[in-house]
Amino acid sequence: MGDPNLLEVLTEEGEHANKHIDYSFQMSEQSLSSRETSFLINEETTPAKRFNLFLRRRLMFQKNQQSKDSIFFRDGIRQIDFVLSYADDIKKDAELKAERRKEFEKNLRKTGLELEIEDKRDSEDGRTYFVKIHAPWEVLVTYAEVLGIKMPIKESDIPRPKQTPMSYVLGPVSLPTSVKYPHPEYFTAQFSRHRQELFLIEDQATFFPSSSRNRIVYYILSRCPFGIEDGKKRFGIERLLNSNTYSSAYPLHDGQYWKPSEPPNPTNERYILHQNWARFSYFYKEQPLDLIKNYYGEKIGIYFVFLGFYTEMLSFAAVVGLACFIYGLLSMEDNTSSTEICDPEIGGQMIMCPLCDQVCDYWRLNSTCLASKFSHLFDNESTVFFAIFMGIWVTLFLEFWKQRQARLEYEWDLVDFEEEQQQLQLRPEFEAMCKHRKLNPVTKEMEPYMPLYARIPWYFLSGATVTLWMSLVVTSMVAVIVYRLSVFATLASFMESDASLKQVKSFLTPQITTSLTGSCLNFIVILILNFFYEKISAWITKMEIPRTYQEYESSLTLKMFLFQFVNFYSSCFYVAFFKGKFVGYPGKYTYLFDEWRSEECDPGGCLIELTTQLTIIMTGKQIFGNIKEAIYPLALNWWRRRKARTNSEKLYSRWEQDHDLESFGPLGLFYEYLETVIQFGFVTLFVASFPLAPLLALINNIVEIRVDAWKLTTQYRRTVASKAHSIGVWQDILYGMAVLSVATNAFIVAFTSDIIPRLVYYYAYSTNATQPMKGYVNNSLSVFLIADFPNHTAPSEKRDFITCRYRDYRYPPDDENKYFHNMQFWHVLAAKMTFIIVMEHVVFLVKFLLAWMIPDVPKDVVERIKREKLMTIKILHDFELNKLKENLGINSNEFAKHVMIEENKAQLAKSTI
């Protein structure tokens with residue numbers, strides 16, 4: 001036996017085990033809060049046998065010989081499936097928390113879970129206790145049946161998709177087969193503990209993957225009671241975490257991410273993921289989706305499938321957008337409009353009316369030469385084509401995503417998926433606030449109930465708060481407009497008076513300067529408002545007291561998306577559809593708050609400013625988001641480790657390493673989806689003004705995938721695995737934005753770009769047969785008599801000019817209808833409205849045709865699903881038949897009768913399929 005101290009410890013622990021053995025595996029006398037919590041396990045093992053087994057394991061595996069990366073109990077055999085942690089609390093409610101923990105852990109043992117507690121003296125910081133939880137076989141098989149977990153019954157005979165010629169071309173981006181498909185495909189069936197011999201159980205320790213094990217344990221933790229307070233039964237780990245009874249609850253990572261695991265630990269999937277997925281040098285590689293699903297669960301897996309698929313589809317839009325940009329770049333020098341504007345004999349002779357009252361002077365059109373050339377990059381003939389193309393692209397993306405999702409449901413065994421039960425579980429906050437109870441018609445049990453009249457005040461508060469914050473966004477946007485108007489006037493007068501700025505003015509005009517600074521200021525305001533609203537929206541949603549976690553997430557999604565939609569897109573909508581549209585004309589301008597003159601567009605239109613605004617906000621958000629996602633958890637983890645390490649000689653165990661990591665949180669995935677959907681809006685809603693938007697989004701997403709992979713693998717604790725068969729409510733939001741994008745792009749082409757006025761001039765007003773666009777600039781500018789300026793708007797310095805020009809279609813001062821809109825204005829307006837109607841109808845028609853032609857579920861997937869259902873039924877039928885044959889023995893007549901019944905059942909099932 002060796003060490004007497006070890007024997008003494010073992011004897012003490014053995015006695016402790018014997019004391020607890022009587023109640024650890026017996027039914028609770030009290031009924032728990034739901035049917036599942038009362039589903040407890042009896043295990044009849046004599047104390048002597050258990051103690052002898054305990055001794056043998058303990059001797060074989062002493063703690064001081066345990067690997068720092070071990071994911072087992074001290075015996076080296078029982079795997080750690082979950083860890084709870086807490087620290088000593090010296091506050092007045094310390095005794096209450098200790099009593100809660102004692103009762104909670106006692107009830108966990110009653111459900112069959114096995115616990116092992118690490119004393120704070122063995123932790124590195126000397127303050128934290130760790131409760132390690134192991135789910136034995138009986139617990140796993142019981143709750144696998146309760147949760148309807150599907151497990152393999154036979155290796156699938158359906159071959160994987162065959163290699164195509166394209167597969168060899170894409171060889172460099174492919175992962176090794178062992179990483180791409182870590183496990184064979186199986187026919188599966190819902191697990192039943194009474195039919196265990198049906199399933200492919202080679203080793204009980206590894207039959208259930210770690211993701212299924214932590215899901216089962218979390219299911220028990222979330223339903224386990226910890227006492228009666230205020231006359232109500234309290235239960236669930238989430239309530240204990242909210243009250244700081246426990247500081248954290250998490251499943252363990254497989255091991256360290258930078259090295260493979262050592263025996264007896266199982267394969268370190270975390271290391272494989274880091275090597276083949278989370279490294280930035282693998283940015284061009286496909287993702288190991290099956291491995292992600294196996295390790296993190298289907299809910300996180302489907303997010304990365306969606307992000308990867310979206311990125312693949314963006315590559316097509318990026319290529320077309322880049323081609324349109326290159327076309328604009330190549331045709332920039334040949335553009336007649338910018339050539340005329342830059343010509344000293346044409347643009348240099350056109351005196352433009354002042355852009356602000358009194359302090360702004362007259363200016364020559366050729367001072368906007370550079371701006372007109374830049375404008376042509378994005379405002380050319382390819383703009384119309386790209387707007388129509390993106391309307392069709394977004395339809396193809398959504399339809400092909402539905403197919404990809406259907407294929408994923410088959411590959412990940414989610415065909416018969418029902419909503420995750422933990423999402424439909426009542427929230428502890430809801431139960432705590434409810435004073436009424438109501439009979440559930442399905443379960444026939446009394447459940448907490450909150451009448452509508454009790455919720456109405458919170459709904460009003462919620463709606464009023466969201467409206468107030470959206471109004472605040474609009475107010476801040478108006479404040480930025482006022483900033484631009486006041487700065488523009490100051491900047492214009494300063495540049496006019498200072499001769500040294502003449503060279504700067506040639507490429508940095510007052511319009512461009514105010515546009516750039518205004519966009520940057522607007523972006524900063526957006527980030528500030530977003531930061532505060534995230535906190536407030538979470539608080540408001542809690543005050544609404546949603547019934548289930550699913551209702552909570554849906555309510556928060558609506559609030560956050562509405563606000564971020566207004567916050568990120570309002571300035572773009574303003575520039576696209578309002579700026580320069582209600583200016584008036586010289587002598588009769590419109591004013592904001594009767595003080596600031598409304599903003600005018602550049603003579604070439606507002607499209608270049610919309611492009612600037614979109615570029616700054618979109619690029620800034622993406623860069624800021626990626627830096628935040630990478631730096632924030634890294635800094636927090638560094639600080640936590642720095643603060644915790646007090647004695648480097650002590651064992652820094654696997655559970656302590658994970659404890660020092662940042663928690664991903666229940667809303668971590670929500671913010672990832674929100675970020676992607678907002679980016680989708682930038683790519684689709686305003687893409688007609690910026691063909692490079694898909695390319696920027698593509699580059700960002702390539703980085704985003706690796707940043708998300710890196711932070712999940714290295715900086716965050718492992719998340720509890722949960723199921724999902726789709727991206728949920730986000731898919732409906734994407735469909736809504738896709739429909740809206742057709743309208744916004746049609747309006748951008750019609751009213752923001754200069755393409756329609758040019759086409760009208762080309763076909764109806766041009767008089768030059770050889771150069772049809774010659775004279776367009778002169779035609780698009782109206783004439784104003786300087787003498788007609790009111791005294792309060794005319795420049796302070798007198799000039800020798802008689803007239804000045806401004807952008808509009810109005811009659812000249814010598815006409816009887818002077819300054820009224822002329823006929824060309826109405827022709828252009830009619831052409832714009834016609835274009836919007838035609839473009840929308842064409843794109844919507846193509847959208848509906850594509851949606852009708854592309855099936856939601858691919859034909860080969862339908863056939864595979866039918867084949868798998870048939871084979872599963874056949875395997876189950878053969879199993880029951882053999883079992884029946886064994887039970888009936890030699891009674892052949894009875895056997896023949898049962899055979900006929902079972903075969904009829906199988907034929908009936910086959911015919912329904």
Side-chain angles (χ1 to χ4, degrees), residues 25 36 39-45 112 135-160 181-213 215-216 219 266 290 294 409-418 723 860-913:
F25 298 93
E36 291 82 3
F39 195 75
L40 307 177
I41 301 166
N42 288 315
E43 182 174 315
E44 297 184 5
T45 306
W137 177 254
E138 283 302 317
V139 173
L140 293 173
V141 297
T142 301
Y143 282 93
E145 185 173 359
V146 170
L147 292 171
I149 295 176
K150 290 185 175 183
M151 298 305 293
I153 55 178
K154 182 183 177 183
E155 192 164 339
S156 175
D157 61 357
I158 303 172
R160 296 190 190 274
Y181 304 114
H183 303 290
E185 287 191 347
Y186 295 99
F187 294 124
T188 61
Q190 284 195 359
F191 189 82
S192 171
R193 60 193 176 125
H194 301 297
R195 297 190 294 190
Q196 292 186 30
E197 54 271 29
L198 170 66
F199 296 89
L200 301 177
I201 305 174
E202 295 178 1
D203 182 3
Q204 290 184 355
T206 58
F207 176 66
F208 290 101
S210 58
S211 57
S212 296
R213 295 176 72 102
R215 183 181 162 212
I216 288 170
Y219 184 85
D290 285 357
N294 293 342
E409 286 183 22
Y410 163 73
E411 291 173 353
W412 287 2
D413 219 358
L414 300 168
V415 174
D416 301 320
F417 171 79
E418 294 181 3
K723 283 184 173 289
D860 66 309
V861 173
V862 174
E863 292 171 353
R864 284 167 175 261
I865 291 171
K866 288 181 178 180
R867 167 70 179 164
E868 184 158 331
K869 282 188 176 180
L870 181 64
M871 289 302 298
T872 303
I873 291 170
K874 186 177 184 300
I875 293 166
L876 292 172
H877 168 259
D878 292 343
F879 172 79
E880 294 293 345
L881 201 61
N882 292 331
K883 197 173 180 181
L884 188 62
K885 185 176 179 181
E886 290 174 7
N887 293 337
L888 292 174
I890 58 171
N891 192 339
S892 58
N893 291 332
E894 195 71 21
F895 177 69
K897 179 181 175 184
H898 281 282
V899 167
M900 188 177 296
I901 291 170
E902 293 296 328
E903 286 183 347
N904 287 338
K905 285 182 181 178
Q907 288 295 327
L908 181 63
K910 186 176 179 180
S911 64
T912 57
I913 293 173

Problem - Gap separating the CZ atom of F191 from the CD1 atom of I153, nearest 0.5 angstrom - result: 12.0 Å
Problem - Shortest non-hydrogen separation from N294 to P182 and the atoms involved - result: ND2-CG, 3.7 Å
Completion exercise
The reported gap from CG in N882 to NE2 in H877 (rounded to nearest 0.5 angstrom) is 9.5 Å
Problem - Sub-4.5 Å side-chain heavy-atom contact between H183 and D290 - result: no
Handout entry: Ring geometry between F207 and F199 (parallel below 30°, tilted from 30 to 60°, perpendicular above 60°)
Key = perpendicular
Exercise for the section: Find the distance between CD (E145) and CD1 (I149) and round it off to the nearest 0.5 Å. Expected result: 11.0 Å
Problem - Exercise: identify the closest heavy-atom pair between P184 and E155 - result: CB-OE2, 3.7 Å
Completion exercise
From the list L140, V139, V141, side chain to side chain contact (heavy atoms under 4.5 Å, CB included) partner of Y143 resolves to V139
Problem - Minimum side-chain heavy-atom gap T188-M151 below 4.5 Å - result: no
Exercise for the section: With the side chain counted from C-beta on, respond yes when W412 and K723 share a heavy-atom pair under 4.5 Å apart, and no when they do not. Expected result: no
Problem - Close side-chain approach of Y186 to L200, heavy-atom, < 4.5 Å - result: yes
Practice task
Taking the side chain as every heavy atom from C-beta outward, state whether V861 and E409 have any pair of such atoms under 4.5 Å apart.
Solution key: no
Exercise for the section: Calculate, to the nearest 0.5 Å, the distance between atoms CG and CG belonging to D878 and L198 respectively. Expected result: 10.5 Å
Practice task
Identify, with sequence neighbours excluded, every residue that meets side-chain contact (heavy atoms from CB on, under 4.5 Å) alongside K154.
Solution key: F187, M871, I875
Practice task
Would you check if the side chain of S212 reaches a backbone N or O of F208 as a donor-acceptor pair within less than 3.5 Å?
Solution key: no
Exercise for the section: In plain terms, say whether R195 and E880 are close enough for a salt bridge, that is, a side-chain N and a carboxylate O under 4.0 Å apart. Expected result: yes
Practice task
To the nearest 0.5 angstrom, please state how far the CD atom of E185 sits from the CG atom of D413.
Solution key: 10.0 Å
Exercise for the section: Check the surroundings of atom CD in E197: do more than 12 heavy atoms from other residues, nucleotides or ligands lie under 6.0 Å from it? Expected result: yes
Handout entry: Heavy-atom side-chain contact between K874 and L870 under 4.5 Å
Key = no
